[in-house]
Protein chains: 2
Amino acid sequence: MNTMRWLTEDEQAAWRAYLQATTLLEDHLDRQLQRDAGMPHMYYALLSTLSETPGRRMRMTELAERSKITRSRLSHAVTRLEGNGWLRRESCPSDRRGQIVVLTEAGYDEVVRTAPGHVTAVRAAIFDRLSDEQTRQLAEISRIIADGLHGPEGADVPWRR
Amino acid sequence: MNTMRWLTEDEQAAWRAYLQATTLLEDHLDRQLQRDAGMPHMYYALLSTLSETPGRRMRMTELAERSKITRSRLSHAVTRLEGNGWLRRESCPSDRRGQIVVLTEAGYDEVVRTAPGHVTAVRAAIFDRLSDEQTRQLAEISRIIADGLHGPEGADVPWRR
DNA sequence: AGCAACTTCTTGAAGCTTCAATGAAATGCC
DNA sequence: GGCATTTCATTGAAGCTTCAAGAAGTTGCT
């Protein structure tokens with residue numbers, strides 16, 4: 001007998017729609033930010049995260065974890081953004097392996113300058129089209145998926161990387 | 001006065017959750033398929049789409065549009081997959097500019113071999129965790145976002161790309 | 001203290017994506 | 001027919017991501 005569980009009609013439809021939506025949205029936001037800020041969306045997200053953080057600084061590892069990217073990817077990204085003068089590395093006093101990424105004044109200004117355009121793009125693509133109810137549904141669904149893939153925020157699983 | 005509309009608390013929460021979920025999921029599926037099939041998720045999706053198509057073949061442009069990727073990206077992808085022997089290019093009889101991508105027997109076998117593992121990964125990450133109601137919500141939300149970004153399946157907008 | 005095991009971060013190479021430019025063919029217009 | 005415009009697909013270079021390896025520092029065990 002065949003013990004394999006395939007996707008139902010509804011699940012297939014949802015999966016196709018999800019793939020199309022995420023592919024289009026990623027592409028759309030990458031283009032918007034590449035045009036208006038000269039960097040891909042993930043790079044902008046890094047600056048944005050730092051801009052909301054006390055001291056506008058964070059340990060590499062923590063920034064990588066919050067952003068859900070590998071340390072390696074972050075390392076390359078920081079090197080590039082440092083070249084733009086938007087970020088700076090400082091060594092960590094409490095742990096000499098550590099590096100602290102600091103958003104420069106120029107980097108902060110860049111976020112301030114480009115945030116309105118980015119928020120407008122996100123609104124236009126998503127939240128202006130969804131009801132409040134759907135916005136909450138999206139949040140809940142996203143949390144369920146994210147939690148399944150890395151444990152609910154702080155569950156340290158050794159088999160993960 | 002400031003006429004800019006920022007995101008509400010709920011919208012910010014949804015956006016953060018969405019970004020984390022999609023980043024983690026993409027990464028997870030890319031790894032799963034890279035390990036089990038030796039290709040990234042998008043490449044697998046191309047083979048999978050072709051496998052469900054009459055004659056297991058499609059025009060480049062149509063495959064690119066269904067997959068929501070650029071022709072350029074598809075061109076590179078097909079070159080790579082052709083190198084693996086999973087795809088083959090044929091010239092189009094009705095339009096001599098055209099190319100038709102054909103899934104080879106080996107390519108079809110590869111999809112058959114790796115589909116179960118992939119479906120299991122998708123189920124485990126998403127549908128085993130969502131209620132039927134949430135699955136329908138995800139489909140609806142995804143459709144709304146996708147439609148906003150490229151017109152509802154067939155609306156040909158000249159200003160796009 | 002000494003040492004293995006682990007963590008932090010970086011690096012270079014290989015692979016993937018984007019962008020702009022190009023060749024070739026089809027289409028529309030007069 | 002002749003010519004400009006548009007469409008189809010490809011190409012190479014530059015930029016981004018992944019992967020495996022490695023240097024440096026910390027932690028835990030005895």
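Excluded from the calculations below are hydrogen atoms, water molecules and symmetry mates; all remaining heavy atoms, backbone and side chain alike, are included.
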### Task
Please report, rounded to the nearest Å, how far the P atom of C/dC9 is from the CD1 atom of A/I100.
9 Å
### Query
Between A/R56 and A/Y108, is NZ or CZ placed under 6.0 angstrom from the six-membered ring centre and within 45° of the ring axis?
yes
### Query
Under 3.5 Å, side chain of A/S48 to main-chain N/O of A/Y44, donor-acceptor pair present?
no
### Task
Give a yes/no answer on whether the side chain of B/R97 brings an N or O atom under 4.0 Å of OP1 or OP2 in D/dT6.
no
### Query
Side chain of A/Y43: nearest nucleotide among D/dT10, C/dT10, D/dC16?
D/dC16
### Message
Given the structure, check if the side chain of B/S72 and the base of C/dC19 hold any donor-acceptor pair shorter than 3.5 Å.
### Response
yes
### Message
Below the 4.0 Å mark, does D/dC19 have OP1 or OP2 next to a side-chain nitrogen or oxygen of B/R31?
### Response
yes
### Task
Select base, sugar-phosphate, or nothing to describe what A/R35 touches, counting heavy atoms under 4.0 Å on all strands.
nothing
### Query
In whole angstroms, how far is the P atom of C/dC9 from the CG atom of A/L87?
14 Å
### Task
Look at all strands and tell whether A/D30 reaches a base, only sugar-phosphate, or nothing, counting heavy atoms closer than 4.0 Å.
nothing
### Query
Can you find a side chain N or O atom of B/R96 that sits less than 4.0 Å from OP1 or OP2 on D/dA9?
no
### Query
Would you call B/D132 and B/R136 a salt bridge, taking side-chain N to carboxylate O under 4.0 Å as the test?
no
## Note on the structure
In whole angstroms, the gap separating P of C/dT17 from NE2 of A/H28 amounts to 20 Å
### Query
For B/E26 and C/dT17, what is the distance between atoms CD and C1' respectively, to the nearest whole Å?
12 Å
#### Entry: A/R71 CZ to D/dT17 C1', straight-line distance once rounded to whole Å
17 Å
#### Entry: Interatomic distance, B/N84 CG vs C/dG15 C1' [rounded to whole Å]
12 Å
### Message
If you assign A/R89 and B/M42 each to the DNA chain C nucleotide with the nearest heavy atom, which residue ends up on the more 5' nucleotide?
### Response
A/R89
### Message
For a quick test of reading the model: is some side-chain N or O of A/R80 closer than 4.0 Å to OP1 or OP2 of D/dG15?
### Response
no
### Position toward the 5' end of DNA chain C (nearest nucleotide), A/D95 or A/Q34
A/D95
### Task
Can you label the angle between the A/H118 ring and the A/H41 ring as parallel, tilted or perpendicular, going by 30° and 60°?
tilted
### Query
Can you tell me if B/R16 and A/T49 form a side-chain donor-acceptor pair at under 3.5 Å?
no
### Query
Between C/dT8 atom C1' and A/L63 atom CG, what is the distance in whole Å?
14 Å
### Task
Verify the contact: side-chain N or O of A/R73 to OP1 or OP2 of D/dC16, cut-off strictly under 4.0 Å; return yes or no.
no
## Note on the structure
A/H76 atom NE2 is separated from D/dA14 atom C1', nearest whole Å, by 15 Å
### Message
Side chain of A/P40, heavy atoms from C-beta onward: which of D/dC8, C/dC16, D/dC16 has the nearest atom to it?
### Response
D/dC16
